[in-house]
Each structure stands twice: as structure tokens, then as C-alpha cells.
Amino acid sequence: MQFQIECNTLKNFQICLICNKQFQTQEARLIICNDQGDGYGDICPQCMTMGAFWIGNQLKALDNKLSL
């Protein structure tokens, strides 16, 4: 998985891939992508503040749940 940061001009609402809470996108978006660059979903500002290591661990746990 990869982290992709994009500039954002739209103020739309997304669902956080990690915590499943709805949030309004800001000037920049953090998008989780596969190795081919296909987006899985956005990460909310609250989860972003936890840092890349924490986000990576949450995504691994999510992947493990989906693999069972």
C-alpha cells in the first residue's frame, strides 16, 4: 500500500477508511492506494494526526480482518 497526498479544491464529504467517520475534505487529501496507484479511500484529519506508523498498523489490522 502507498500513501498519496493530493491537492483538493472540492469541499465534499468522505468516509475515513480507518475509523469510518464522515468528514469534509480539506485543501489536501491523504488517499490510501495499492501499488498500482488505485485508491482505496481517504484518511480523516483525526486519523492523520496519529502518524504514518499508526495508520500503517491500522491498515494492516484492517487487511488481516478482510483476509479471514
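We're numbering straight along the sequence, starting at 1. The analysis underlying the following values was restricted to heavy atoms, covering all of them including side chains, and did not include hydrogens, waters or symmetry mates.
- Rounding to the nearest 0.5 Å places OH of Tyr40 at 10.0 Å from CG of Leu17.
- Here the shortest heavy-atom pairing between Cys19 and Cys44 reads SG-SG, 3.7 Å.
- Taking the side chain as every heavy atom from C-beta outward, Met50 and Gln58 never approach each other to under 4.5 Å.
- The line from CD1 of Ile32 to CG of Leu62 is 10.5 Å long, rounded to the nearest 0.5 Å.
- At a threshold of 4.5 Å between non-hydrogen side-chain atoms, the residues Lys11 and Gln26 count as touching.
- Distance alone, capped at 3.5 Å, places no donor-acceptor pair between the Thr25 side chain and the Phe13 backbone.
- Between atom CD1 of residue Ile43 and atom CZ of residue Arg29 there is a gap of 11.0 Å, rounded to the nearest 0.5 Å.
- By the 4.5 Å heavy-atom criterion applied to side chains, Trp54 and Ile18 are counted as neighbours.
- In this structure, Glu6 and Ile31 have side chains that are in contact, with non-hydrogen atoms separated by less than 4.5 Å.
- For the pair Ile15/Gln22, a side-chain contact is recorded, criterion being any heavy-atom separation below 4.5 Å from C-beta on.
- Residue Leu10 qualifies as enclosed at atom CG: its count of foreign heavy atoms under 6.0 Å is above 12.
- Under the 4.5 Å side-chain criterion, counting only non-hydrogen atoms from C-beta, Phe3 is not in contact with Cys33.
- In terms of hydrophobic clustering, with Ile, Leu, Val, Met, Phe, Trp and Tyr side chains grouped at heavy-atom distances under 4.5 Å, Phe53 and Leu59 are assigned to different clusters.
- To the nearest 0.5 Å, the span separating CG on Asp42 from CG on Asn8 amounts to 8.5 Å.
- If you chain together hydrophobic residues whose side chains sit under 4.5 Å apart, Leu30 and Phe23 never meet in one group.
- Contact check for Gln2 versus Gln36: no side-chain heavy atoms found under the 4.5 Å cut-off.
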